[in-house]
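Values below: every heavy atom of this structure, side chains too, minus hydrogens, waters and symmetry copies.
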Amino acid sequence: MESAYPLQNKRVFVAGHRGMVGSAVVRRLETENCEILVVSRDELDLRDQAGVRRWLADRRPDAVVLAAAKVGGILANDTYPANFLYDNLVIETNVIEGAFRSEVEKLIFLGSSCIYPKLAPQPIPEEALLTGELEPTNEWYAIAKIAGLKLCQAYRRQHGVDYISAMPTNLYGPGDNYDLQKSHVVPALLRKAHEAKNAGEKHLTIWGSGKPRREFLHVDDAADAIVHLLKSYSGDGHVNVGSGEDISILELATLVASVVGFEGEIRNDPSKPDGTPRKLMDVSRLFKMGWHPKIALPTGLKDAYRWFCENVESTAGGPTPVDATPGGRRIDRAEERANAGVSPVRSMRRQGWT
């Protein structure tokens with residue numbers, strides 16, 4: 001249900017502010033008249049229950065955006081299943097319980113579209129949760145996110161707190177992880193196409209058949225939707241956050257090649273897994289609340305590639321640290337429809353550490 005929660009003069013803690021999603025939420029919150037609270041991993045390990053409780057009790061935020069998580073692609077999930085399950089379970093339980101103890105007024109937990117069954121109906125409605133088997137390649141991360149969602153529901157039902165959950169689709173944009181051992185499909189394709197172009201290679205190889213279809217949303221659009229929900233939604237059920245459109249991996253690779261300027265052949269590697277055949281979110285619930293994405297995929301990919309060139313390639317081509325703080329510019333909403341330009345971010349008003 002819709003319920004107004006004005007952010008004016010509120011103290012908002014963004015957990016995970018140095019990640020791609022958290023930093024985008026911080027950028028979006030700059031446009032609200034609120035105080036942004038952040039803390040670095042060096043100062044507070046969110047896996048430390050006692051430390052989290054002390055920090056929240058001392059800072060007393062009014063609202064929390066729980067964007068902190070251990071994330072990665074198929075290879076990372078398959079290689080480090082224990083890390084993905086344990087770290088995410090501990091982070092979310094510590095922050096949610098700590099928020100309750102510190103009497104936080106509003107909390108939004110960010111999950112992932114991977115919480116849904118591998119063969120869920122398409123587009124995937126929120127009601128599809130726990131109706132079938134998960135995709136094996138990322139079930140560890142998915143189980144942790146389902147637990148976080150359910151923990152918010154449990155605290156809401158038992159204690160009457162206003163804790164909500166949002167399930168974003170596949171996100172990309174400034175601050176993404178371009179380490180090919182850990183990255184998701186968009187940054188992996190951007191980096192591979194960039195390196196293939198620079199090396200003068202004749203072809204670019206993508207995993208699997210290229211037939212699976214995926215939905216993508218620019219992280220600035222996701223942040224806008226998250227703040228929209230924080231301000232206007234109060235309900236027991238989680239809310240899907242996506243673009244409402246999907247594209248095949250082969251079509252995505254072709255679009256990425258065009259953005260990067262790679263003119264070689266795109267080949268498939270059938271020995272690699274495809275993952276879920278299709279994953280498109282039903283975002284009708286969110287759209288009915290008055291929110292819609294503004295950044296088209298071609299425009300968003302250009303923005304992501306610009307960020308890669310300025311922040312990853314410019315540092316000798318090394319991989320982006322998982323907790324790197326995205327800098328530079330964001331897409332200008334007023335100009336986006338004209339497919340033009342970016343504008344400088346506003347300076348942030350923060351308390352805590354960066």
> Between E135 and T137, does any side-chain donor sit less than 3.5 Å from a side-chain acceptor?
yes
> Does the pair E32/K231 count as a salt bridge with the N-to-O cut at 4.0 Å?
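K231 and E32: salt-bridged.
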> Does a side-chain N-to-carboxylate-O contact under 4.0 Å join D246 and R213?
yes
> Starting at CG of N170, measure out to CE of M281 and round the result to the nearest 0.5 Å.
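N170 atom CG to M281 atom CE measures 8.5 Å (nearest 0.5 Å).
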> Does atom CD of E139 have more than 12 heavy-atom neighbours from other groups under 6.0 Å away?
yes
> Can you confirm whether L107 sits close enough to V65 that some side-chain heavy atom of one is under 4.5 Å from a side-chain heavy atom of the other?
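Answer no - side chains too far apart.
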> Under 30°, 30 to 60°, or over 60°: which ring-plane class applies to F100 and Y155, parallel, tilted or perpendicular?
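Ring orientation of F100 relative to Y155: perpendicular.
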> Treat each ILVMFWY residue as a node, draw an edge where side-chain heavy atoms are under 4.5 Å apart, and state whether I96 and V90 are in one component.
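No; V90 is not reachable from I96 via cluster members.
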> Looking at D87, N83, L89, which hits side chain to side chain contact (heavy atoms under 4.5 Å, CB included) with L85?
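Exactly one option meets the side chain to side chain contact (heavy atoms under 4.5 Å, CB included) with L85, and it is L89.
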> Cut-off 3.5 Å, no hydrogens considered: what does the side-chain donor-acceptor table look like for residues 113-121, sequence neighbours left out?
from	atom 1	to	atom 2	distance (Å)
Y116	OH	H238	NE2	2.9
Y116	OH	N240	OD1	2.5

> Between Y172 and H218, does the ring centre distance come in under 6.0 Å?
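For Y172 and H218, the ring centres are under 6.0 Å apart.
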> V12 versus E35: any side-chain heavy-atom pair under 4.5 Å?
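No, their side chains stay 4.5 Å or more apart.
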> CG/L149 to CD1/I164 distance, rounded to the nearest 0.5 angstrom?
11.0 Å
> Closer than 3.5 angstrom, by distance alone: can the side chain of K106 be matched with the main-chain N or O of L230 as a donor-acceptor pair?
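Pair found, side chain donor or acceptor close to backbone of L230.
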> Using only heavy-atom distances, determine whether the side chains of S209 and D274 contain a donor-acceptor pair under 3.5 Å.
yes
> Given 3.5 Å as the limit, does a donor-acceptor pair link the side chain of D48 with the main chain of G51, or not?
yes
> Is there a chain of hydrophobic side chains (I, L, V, M, F, W, Y, each step under 4.5 Å between heavy atoms) that links Y141 to Y86?
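Each belongs to a different hydrophobic cluster.
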> Is a side-chain N or O of S102 found less than 3.5 angstrom from the main chain of A99, in a donor-acceptor match?
no
> Determine, using the 4.5 Å side-chain heavy-atom cutoff (strictly less than), whether V259 and F262 are members of one ILVMFWY cluster.
no
> Is there a donor-acceptor contact under 3.5 Å from the side chain of E215 to the main chain of G244?
yes
> Quick check: closest heavy atoms across A222 and L171, and the distance to 0.1 Å?
CB-CD2, 3.7 Å
> To the nearest 0.5 Å, tell me how far R47 CZ sits from T93 OG1.
12.0 Å
> Show the nearest heavy-atom pair for residues F13 and V39, with the distance to one decimal.
CE1-CG1, 3.9 Å
> Check whether any side-chain heavy atom of Y178 sits under 4.5 Å from a side-chain heavy atom of L190, and report yes or no.
yes
> Evaluate side-chain hydrogen bond (donor to acceptor under 3.5 Å, both in side chains) for Y163 paired with Q153, printing each intermediate quantity in order.
CA-CA 7 Å; Y163 294 177; Q153 288 182 335; over 6 Å; no
> Do K70's NZ or CZ and the ring of F84 fall within the cation-pi criteria of under 6.0 Å and 45°?
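Pair K70/F84 counts as cation-pi.
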> Verify whether one side chain among S248 and R278 offers a donor that lies under 3.5 Å from an acceptor in the other.
no
> Could you state the interatomic distance from SG (C152) to CG (L66), rounded to the nearest 0.5 Å?
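Answer rounded to 0.5 Å: 7.0 Å.
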> With side chains defined as the heavy atoms from C-beta onward, is the minimum distance between K10 and E105 less than 4.5 Å?
yes
> Ion pair present between D162 and R156, side-chain N to carboxylate O less than 4.0 angstrom?
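R156 and D162: salt-bridged.
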> Does the pair D224/R28 count as a salt bridge with the N-to-O cut at 4.0 Å?
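Judged by the 4.0 Å cut-off on N to carboxylate O distance, D224 and R28 do form a salt bridge.
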> Could you tell me if the side chain of R214 sits less than 4.5 Å from the side chain of L252, heavy atoms only?
no
> Taking the six-membered ring for Trp, are H228 and Y233 closer than 6.0 Å centroid to centroid?
no
> Give, for atom OG of S112 and atom CE of M167, the distance between the pair rounded to the nearest 0.5 Å.
8.0 Å
> Please check if the side chain of Q122 supplies one atom and the backbone of L280 the other of a donor-acceptor pair under 3.5 Å.
yes
> Determine whether Y80 and W140 satisfy the following criterion, ring-ring contact (aromatic ring centres under 6.0 Å, His included), listing intermediate values before the conclusion.
CA-CA 9 Å; Y80 307 106; W140 316 104; over 10 Å; no
> Y305 vs F308 aromatic rings, parallel, tilted or perpendicular, using cut-offs 30° and 60°?
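If you compare the ring of Y305 with that of F308, the planes turn out parallel.
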> Any ion pair linking E43 and R41 (charged N to carboxylate O, less than 4.0 Å)?
no
> Are the side chain of K197 and the backbone of V260 linked by a donor-acceptor contact shorter than 3.5 Å?
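Flag set: sc K197 to bb V260 pair under 3.5 Å.
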> Taking 4.0 angstrom as the limit, do R27 and D220 come out as a salt bridge?
yes
> Scan side-chain atoms only and decide if D269 and S271 contain a donor-acceptor pair under the 3.5 Å cut-off.
yes
> Should I266 and H203 count as side-chain neighbours, where that means a heavy-atom distance under 4.5 Å?
no
> Measure the SG-NE2 distance between C309 and H194 for me, rounded to the nearest 0.5 Å.
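NE2 of H194 is found 5.0 Å from SG of C309.
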